[in-house]
Amino acid sequence: MDELTWQKSTFSGGPEGECVYVATAPDGTIRLRESDTPDVILATAPQGLAALLRHVKDRTAKRRFQGA
């Protein structure tokens, strides 16, 4: 596999130093890994990641609106 250029997510950095890293592979897929298990790499299509992020944002917005 070609060397990937990893970028730390801007939402990373919890109290224990947890970080999520993102990279784009040569085939156009998105790769994700966590700092505590860097050898475990998840692959997804850009559309799949976009759908996941929309879902998380929608649920977060609903919780804020409902006061939960």
Side-chain angles (χ1 to χ4, degrees):
M1 175 188 292
D2 293 332
E3 185 69 28
L4 298 175
T5 302
W6 294 97
Q7 178 180 343
K8 184 167 79 168
S9 168
T10 57
F11 292 100
S12 293
E16 299 297 318
E18 307 93 350
C19 297
V20 174
Y21 291 87
V22 181
T24 303
D27 64 1
T29 58
I30 304 296
R31 307 296 169 95
L32 304 163
R33 72 178 186 189
E34 292 184 281
S35 58
D36 60 346
T37 54
D39 294 334
V40 177
I41 299 172
L42 303 175
T44 185
Q47 300 86 348
L49 180 58
L52 173 64
L53 294 175
R54 274 193 308 275
H55 177 75
V56 169
K57 287 179 182 181
D58 288 347
R59 290 191 51 88
T60 301
K62 285 179 184 176
R63 285 188 189 149
R64 286 184 183 158
F65 181 73
Q66 294 172 348

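Only heavy atoms go into these numbers, but all of them, side chains included; no hydrogens, no water, no symmetry mates.
Considering OG1 of Thr24 and CH2 of Trp6, their distance stands at 9.5 Å, rounded to 0.5 Å.
Take Thr5 and apply the side chain to side chain contact (heavy atoms under 4.5 Å, CB included) test, not counting sequence neighbours, and it matches no residue.
Nearest approach of Ala25 to Leu4, heavy atoms of both residues: CA-CD2, 3.7 Å. For Arg33 against Val40, the heavy-atom pair with the smallest separation is CB-O, 3.5 Å. The nearest pair of heavy atoms linking Ile30 to Pro46 is CG1-CA, 3.9 Å.
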Could you tabulate the donor-acceptor pairs under 3.5 Å formed by side-chain atoms of residues 48-58, not counting sequence neighbours?
none

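Pairs of residues two or more places apart, or lying in two chains, never qualify as salt bridge (charged side-chain N to carboxylate O under 4.0 Å, His left out) while including a residue from residues 39-52.
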